[in-house]
Protein chains: 2
Amino acid sequence: MGDEFCSCDIVHENVIEMVKKKMPQEEKLYDLAELFKVFGDTTRVKIISALFEAEMCVCDIAELLHMTQSAISHQLRVLRQARLVKHRKEGKVVFYSLDDEHIKAIFNQGLEHILEPRGFEYAIS
Amino acid sequence: MGDEFCSCDIVHENVIEMVKKKMPQEEKLYDLAELFKVFGDTTRVKIISALFEAEMCVCDIAELLHMTQSAISHQLRVLRQARLVKHRKEGKVVFYSLDDEHIKAIFNQGLEHILEPRGFEYAIS
DNA sequence: TGTTCATATGAACAATTGCTCATATATTAA
DNA sequence: TTAATATATGAGCAATTGTTCATATGAACA
């Protein structure tokens with residue numbers, strides 16, 4: 001009532017209060033969204049999927065995905081900043097690999113969801 | 001060598017071939033990225049986090065998050081299309097709730113990752 | 001029927017994002 | 001040092017995204 005965000009009168013104040021108390025800190029939810037954002041790009045998912053199988057250098061990944069070295073390097077930077085990949089230098093060549101087991105877990109959970117026999121369509125038309 | 005995407009000579013063909021064979025279908029990876037993309041927005045994460053606690057109507061969510069009814073409604077549409085939320089009508093009021101258990105799983109995996117005592121910073125600066 | 005109200009939706013706009021291109025950095029070898 | 005090469009990075013641009021605003025839809029009720 002008289003609220004500046006919603007003109008509705010039907011507001012369940014008790015529910016809102018309860019949820020407000022139970023919800024994680026705003027900052028935590030922000031960080032969570034930032035993490036998922038990193039996974040929310042086809043190129044990055046492909047890179048992660050590739051590194052899931054083997055350590056690879058920038059050049060290998062570019063060739064594998066048929067993309068430019070620059071594009072791959074830019075995305076690897078994002079993955080590095082999110083600490084999802086590690087890198088190891090060997091002369092001029094930089095080898096990338098997955099940083100930890102969490103990625104596999106998150107990744108596989110997502111895959112299960114996708115593969116569920118429910119006729120999903122993520123068309124954001 | 002002579003590749004159109006990378007000017008490097010150091011390409012590990014055997015690794016690339018191996019990875020290429022093992023990687024999931026391109027389409028699956030695309031769908032996976034689309035799923036994560038839905039989780040990759042603060043507003044949507046907040047909505048999911050709220051519905052994690054209780055079923056709520058559009059108006060409740062708008063008030064809880066201090067956002068307009070329109071903004072919330074638009075985001076609920078995205079969540080609906082990704083089949084992450086269900087809705088139930090009761091007169092003029094539409095109640096939303098989480099669609100299934102997978103969300104909790106994916107969500108919590110992400111939180112664990114975030115909460116790991118490693119000094120994470122997802123600053124995409 | 002017409003009015004009220006909860007929600008949905010289309011258009012427009014600003015902010016963000018992912019790529020390309022050019023160039024910088026860093027390492028190796030001559 | 002200079003040349004060659006693997007990777008990194010900044011600027012610019014097109015495409016995408018999230019919000020606002022105005023309006024449409026649909027349900028309850030006088």
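Chain identifiers are assigned alphabetically (A, B, ...) following the order of the sequence lines, protein sequences preceding nucleic acid strands; residue numbering begins at 1 within each chain.
- The CG atom of A:Asp41 sits 17 Å away from the P atom of C:dT16 (whole-angstrom rounding).
- Going from atom CD of B:Glu53 over to atom CG of B:Leu64 covers 10.5 Å, rounded to the nearest 0.5 Å.
- Atom P of nucleotide D:dG18 and atom CG of B:Leu76 are separated by 13 Å, given to the nearest angstrom.
- Between A:Arg44 and the phosphate of C:dG18, there is a side-chain N or O to OP1/OP2 separation shorter than 4.0 Å.
- In this structure, B:Phe52 and B:Leu98 approach most closely via the heavy-atom pair CA-CD1, 3.7 Å.
- Using Watson-Crick or G-U wobble geometry with both donor-acceptor distances under 3.5 Å, D:dT2 finds its partner in C:dA29.
- Closest contact between the side chain of B:Cys59 and the listed nucleotides C:dT7, C:dG18, D:dA8 involves C:dT7.
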Pairs: protein N or O with nucleotides 12-14 of chain C N or O, under 3.5 Å:
none

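- Atom-to-atom distance recorded for B:Asp99:CG and B:Leu51:CG is 11.0 Å, nearest 0.5 angstrom.
- One atom, NE2 of B:His87, and another, P of D:dG26, lie 13 Å apart when rounded to the nearest Å.
- An OP1 or OP2 oxygen of D:dT19 is reached within less than 4.0 angstrom by a side-chain nitrogen or oxygen of B:Gln75.
- Heavy atoms only, all atoms of each residue included: A:Val85 and A:Tyr96 are closest at CG2-CD2, 3.8 Å.
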Using atom names, set out every protein N or O paired with an N or O of nucleotides 20-30 of chain C below 3.5 Å, distance rounded to 0.1 Å.
residue : atom : partner : partner atom : Å
C:dT20  : OP2  : A:Thr68 : OG1          : 2.9
C:dT20  : O4   : A:His74 : NE2          : 3.3
C:dC21  : N4   : A:Ser70 : OG           : 2.6
C:dT27  : OP1  : A:Lys89 : NZ           : 3.4

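- Distance CG (B:Leu65) to P (D:dT19): 10 Å, rounded to an integer number of Å.
- Hydrophobic cluster membership differs between A:Tyr30 and B:Ile47, with clusters built from Ile, Leu, Val, Met, Phe, Trp and Tyr side chains linked at under 4.5 angstrom.
- Pairing each heavy atom of A:Asp41 with each of B:Ala33, the nearest pair is C-CB, 3.7 Å.
- Straight-line distance from the CD atom of B:Glu34 to the P atom of D:dT17: 8 Å, rounded to whole Å.
- For B:Phe39 and D:dG18, the CZ to C1' distance is 18 Å, given to the nearest whole Å.
- Taking side-chain N and O atoms only, B:Tyr96 has no distance below 4.0 Å to OP1 or OP2 of C:dA6.
- A salt bridge links A:Glu55 with A:Arg88: the distance from a Lys NZ or Arg NE/NH1/NH2 to an Asp or Glu carboxylate oxygen falls below 4.0 Å.
- Between A:Phe36 and B:Phe36, the angle of the ring planes stays under 30°, which puts this pair in the parallel group of the 30/60° scheme.
- The nearest whole Å value for the distance from the CD atom in A:Gln81 to the C1' atom in C:dT17 is 14 Å.
- Of the listed nucleotides (D:dT9, D:dT19, C:dA8), C:dA8 has the atom at the smallest distance from the side chain of B:Arg80.
- The CD1-C1' distance, from A:Ile72 to C:dG18, rounds to 11 Å in whole Å.
- Applying the side-chain hydrogen bond (donor to acceptor under 3.5 Å, both in side chains) rule to A:Glu26 yields the partners B:Lys46; only residues at least two apart in sequence or on another chain are considered.
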